[in-house]
Amino acid sequence: MGYSDVYAAWQADPDAFWMDAAKAIDWVRPPSKALFDEKAPLYEWYSDGLVNGCWNAVDRHVEAGRGNQAAIIWDSPVTHTKREISYFELRNRVATLAGALRAKGVEKGDRVIIYMPMIPEALEAMLACARLGAIHSVVFGGFAAHELAVRIDDAKPKAIIAASCGIEPGRIVHYKPLLDGALKEATHQPDFCVIFQREQEVAHLEEGRDFNWHGFQYGVEPAECVPVEGNHPAYILYTSGTTGAPKGVVRPTGGHLVALNWTMKNVYNTEPGEVFWAASDVGWVVGHSYICYAPLVHGNTTVVFEGKPVGTPDAGTFWRVIEEHKVRTFFTAPTAFRAVKRDDPKGEMVKDYDLSRLRAIYLAGERADPDTIEWTKATTGKPVYDHWWQTETGYTIAGNPVGIEPLPVKLGSPTVPMPGYDVRILGEDGHELPAGELGAIAVKLPLPPGTLPTLWNAEERFRKSYLEHFPGYYETGDAGMKDADGYLWIMARTDDVINVAGHRLSTGGMEEVLAGHPDVAECAVVGVADELKGQLPMGFLCLNKGCDRPHGEIVKECVAKVRQEIGPVAAFKLAVVVDRLPKTRSGKILRGTMVKICDNAEFRPPATIDDPAILDEIREAVRPLGYGG
Ligand code: COA
Ligand code: AMP
């Protein structure tokens, strides 16, 4: 069957399609049906089935004779360490860790926050939670204490599992002091913390609250897998929305296992036993789905890479890892290849390595620009596939169904909707637009298994953010179009979310921080184009009347404040002081126009603008930073 047959089969009988896909998962009690639509427009999948995520990712492979296969290969150029963990070893380690958590009171439904760098123990912590039916919430290491505190107060974890430190090129990230700071700020306090002490930094443990990762597991009974309902949350992953308050995307267990397993063959054309590498971070959705769960559920070997595409030690690192660990499928963000290309424009370093085992390269996380795709393809000689998805969905909305049938690649398009996704382009009034016209990208409800059924503790926000604007549809927040061949083109966000080095950030969140500076009366943050990171945040600051402090000083303080409160990952380094912001007569800040000015793109001043002269002031203000033409 080709792609159109498979897509048509799904359309004709979605329940049969997803019940069939569910057979590839071990159920303690198989579900009686796939879709539960009694609470529409809120949908659930496989709700009356019983299943365990850890069993499917680990134990069942040991039972099936894969015990000696490497489950995880850890490659850490920043610590000069490599290690392999077999499925057998992983099962024992995870069962013991789960046993220790259980002994301290962690049970099904309890939340556990995980704050760890790219070490195998991060995956073990996630899987130990899954084993108990506890709901994990991994927080990315590049976020500051305040962001961690916000997540602690929202998820209300019984336990926090953290590492003593992370390692960024040239500096140690002191995780434990960040955790202590977050706990000082948070209202909610966990019952206990477990700290994995790394050689690079041994953290101070607080008597009674903090336990050493090794010591606290000593002599405990290993835990068995706890069956959970198909709709039981496997994890909460916070992502950026329009405001500073992150959205807690809920991932339901059954659908997540079924859908991820389905993608491994159909999207990634990967067979069980092969090595799969997603060069991302466990703190992001790509890390949850394709460093941890999907490759393990499918019986692959996953690579956990603690390093960067460049500088650890050089732009040949990707190629070295692919050769050394016999990687068959490689997945990263376009920005990573832009970084490699910048350091090794002619791709000379590829020639030092044998990439013969690599089958294909997959890109996601941000728009894949044609130059980057062409360069990567020419440099490696491998097919390069873009695919489009979001934290909310957890896997491909649109991609190239290579395992079913590779479709011709159109540069700049992530290709076609996957079965499960009925993607439509809608005009402002909710009517479907014809091929070739730009509009809001929406998915007809229900979304397929594994996608978010709601937001943690925030059903109203879920309805408002995703379901209300276009009744009967899920609003993706992306704008784009479909062409005459049914290919999708993802052009821009329709909200205040920007994408910096494949990381999703909220300009609204940054504005909230800047507005808290005592000299700032009003501000705006927009995403301006950047050759390496795709976008960078740029701040515009209007100061309080009478403020005569040097502008440079205030800008510096604002940059430090965003780093301090959101974290280094915000990459907020560009800001200017302006007298006023361009607005419509009704007072709406013209952020889109500001972006066009910064990027020196063509634009027509909106008819509703209050005073067009401000646009020249904006251009003059950003010129010294190399923007505005
Ligand atoms: N813990 C602590 N700090 C972190 C961090 C982490 N896990 N990850 C990033 N940071 C810091 C960086 O050190 C940097 O700090 P600096 O301002 O002191 O230099 C800052 O956050 C910004 O990081 P980043 O935007 O990643 O920039 P970079 O210059 O360090 O690296 C790339 C640029 C392109 C090499 C890098 O972003 C990359 O490899 N991206 C791959 C894309 C990816 O993983 N996307 C996830 C979704 S697929
Ligand atoms: P995240 O939730 O962090 O995965 O970010 C999701 C957002 O990143 C999407 O809504 C898009 O705006 C953008 N994005 C992800 N993948 C792609 C892609 N392949 N092409 C264009 N934009 C993408």
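Nothing fancy with the numbering, it's 1 onward along the sequence. Numbering of ligands and ligand atoms starts at 1, following listing order.
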(message) Assess whether a salt bridge exists between Glu306 and Arg198, defined as any Lys/Arg side-chain N lying under 4.0 Å from an Asp/Glu carboxylate O.
(response) yes
(message) Can you report which non-hydrogen protein atom sits closest to atom 17 (C) of ligand 2, along with the distance?
(response) Glu366 O, 3.4 Å
(message) Would Arg493 count as being in polar contact with ligand 2, using the rule that some N or O on each side must be under 3.5 angstrom apart?
(response) yes
(message) Counting only heavy atoms, tell me which of Arg342, Lys308, His503 gets closest to atom 31 (O) of ligand 1.
(response) Lys308
(message) Salt bridge check, Glu459 against Arg463: does any charged N sit closer than 4.0 Å to a carboxylate O?
(response) yes
(request) Indicate, with yes or no, if the rings of Trp213 and Phe196 have centres closer together than 6.0 Å. (result) yes
(message) Give me the residue, atom name and distance of the protein heavy atom closest to atom 8 (N) of ligand 1.
(response) Phe140 CZ, 3.3 Å
(message) Using the ring centroid of each side chain, check whether Phe318 and Trp277 are separated by less than 6.0 Å.
(response) yes
(message) Regarding Asp369 and Arg338, does a basic nitrogen lie under 4.0 Å from an acidic carboxylate oxygen?
(response) yes
(message) Among all protein heavy atoms in this structure, tell me which lies nearest to atom 46 (C) of ligand 1, with the distance rounded to 0.1 Å.
(response) Ser280 OG, 3.4 Å
(message) In the complex you have, is atom 12 (C) of ligand 1 within reach of the protein, judged by whether a heavy-atom distance drops under 4.0 Å?
(response) yes
(request) For the pair Lys561 and Glu512, find out whether any cationic side-chain nitrogen is under 4.0 Å from an anionic carboxylate oxygen. (result) no
(message) Quick check on Val173 - does any of its heavy atoms sit under 4.0 Å from an atom of ligand 1?
(response) yes
(message) For a quick check under 3.5 Å, do Thr415 and Ser413 share a side-chain donor-acceptor pair by atom type?
(response) no
(request) Could you check atom 6 (C) of ligand 2 against the protein and tell me its nearest heavy-atom contact, residue, atom and distance included? (result) Trp389 O, 3.6 Å
(request) Within a distance under 4.0 Å of any heavy atom of Thr391, pick out the atoms of ligand 2 and give their elements. (result) 1 (P), 2 (O), 3 (O), 4 (O)
(request) Mark up the atoms of ligand 1 that fall under 4.0 Å of a heavy atom belonging to Gly141, in ascending order. (result) 1 (N), 2 (C), 6 (C)
(request) Go through ligand 1 atom by atom and flag the ones less than 4.0 Å from a non-hydrogen atom of Trp284. (result) 46 (C)
(message) For atom 36 (C) of ligand 1, is there a protein heavy atom at a distance under 4.0 Å?
(response) no
(request) Between Asn499 and ligand 2, find which residue part has any heavy-atom pair under 4.0 Å and reply side chain, backbone, both or neither. (result) side chain
(message) Between Lys82 and Glu324, does any side-chain N to carboxylate O distance fall below 4.0 Å?
(response) yes
(message) One residue to check: Asp386. Relative to ligand 2, which of side chain, backbone, both or neither has a non-hydrogen atom less than 4.0 Å away?
(response) side chain
(message) I'd like to know if Arg251 and Glu392 make a salt bridge, using a cut-off of under 4.0 Å between side-chain N and carboxylate O.
(response) no
(request) Give yes if a backbone or side-chain nitrogen or oxygen of Thr476 is under 3.5 Å from a nitrogen or oxygen of ligand 2, and no if not. (result) no
(request) Decide if the gap between the ring center of His387 and the ring center of Tyr395 is smaller than 6.0 angstrom. (result) no
(message) Check Arg320 with Asp75, please: is the shortest side-chain N to carboxylate O separation under 4.0 Å?
(response) yes
(request) May I ask you to identify the nearest protein heavy atom to atom 12 (O) of ligand 2, giving residue, atom name and distance to one decimal place in Å? (result) Asp478 OD1, 2.6 Å
(request) For atom 22 (C) of ligand 1, grab the closest protein heavy atom and report residue, atom and distance to one decimal in Å. (result) Pro568 O, 3.5 Å
(message) For the 3.5 Å polar cut-off, considering only N or O atoms, please tell me whether Arg563 and ligand 1 meet it.
(response) yes
(message) If the cut-off is 4.0 Å to any non-hydrogen atom of Ala333, which atoms of ligand 1 fall inside it?
(response) 42 (C), 45 (N), 48 (S)
(request) From atom 47 (C) of ligand 1, work out which of Gly502, Cys165, Gly365 has a heavy atom at the shortest distance. (result) Gly502
(request) Starting from atom 5 (O) of ligand 2, find the nearest protein heavy-atom neighbour and note its residue, name and distance. (result) Arg504 CD, 3.5 Å
(request) Closest by any non-hydrogen atom to atom 21 (C) of ligand 2: pick that one out of Arg367, Glu392, His503, Lys247. (result) Arg367
(request) May I ask you to check if ligand 1 and Thr335 share an N or O to N or O distance below 3.5 Å? (result) no
(request) Taking the six-membered ring for Trp and the single ring otherwise, decide whether the centroids of Phe140 and His503 are under 6.0 Å apart. (result) yes
(message) Using a strict threshold of under 4.0 Å (side-chain N to carboxylate O), is an ion pair present between Lys176 and Asp180?
(response) yes
(request) Using a 4.0 Å heavy-atom cut-off, say whether Trp284 meets ligand 2 through its side chain, its backbone, both or neither. (result) neither
(message) Would you say the rings of Phe330 and Tyr362 are close, in the sense that their centroids are separated by under 6.0 Å?
(response) no
(request) Run the numbers for me: atoms of ligand 2, each under 4.0 Å from some heavy atom of Ile490, listed by number. (result) 21 (C), 22 (N)
(message) Looking only at protein heavy atoms, which one is nearest to atom 16 (N) of ligand 2, and what is the separation?
(response) Gly365 N, 3.1 Å
(request) Could you check which of Ala336, Pro309, Gly142 puts a non-hydrogen atom nearest to atom 39 (O) of ligand 1? (result) Pro309
(request) State whether Asp422 and Arg424 are salt-bridged, where the test is any N-O pair (Lys NZ or Arg NE/NH1/NH2 against Asp/Glu carboxylate O) under 4.0 Å. (result) yes
(message) Parallel, tilted or perpendicular: which one describes the rings of Tyr290 and Phe276, with boundaries at 30° and 60°?
(response) tilted
(request) Mark yes or no: Arg151 above the aromatic ring of Phe143, with NZ or CZ under 6.0 Å from the six-membered ring centre and no more than 45 degrees from the axis. (result) yes
(message) Consider side chain to side chain contact (heavy atoms under 4.5 Å, CB included). Of Val340, Val384, Asp371, Thr332, which one does Thr376 pass it with?
(response) Val384
(message) Quick test: of every protein heavy atom, which one is nearest to atom 14 (C) of ligand 1, and how far off is it to 0.1 Å?
(response) Arg171 NH2, 3.9 Å
(request) State the atoms of ligand 1, each with its element, that fall below the 4.0 Å cut-off from a heavy-atom position in Val569. (result) 21 (O)
(message) Judged on heavy-atom distance to atom 23 (O) of ligand 1, which of Lys533, Glu168, Arg338, Lys573 sits nearest?
(response) Lys533
(request) State if Phe331 counts as touching ligand 1 under the rule of any non-hydrogen atom under 4.0 Å. (result) no
(request) Please verify whether a non-hydrogen atom of Met118 lies at under 4.0 Å from ligand 1. (result) no
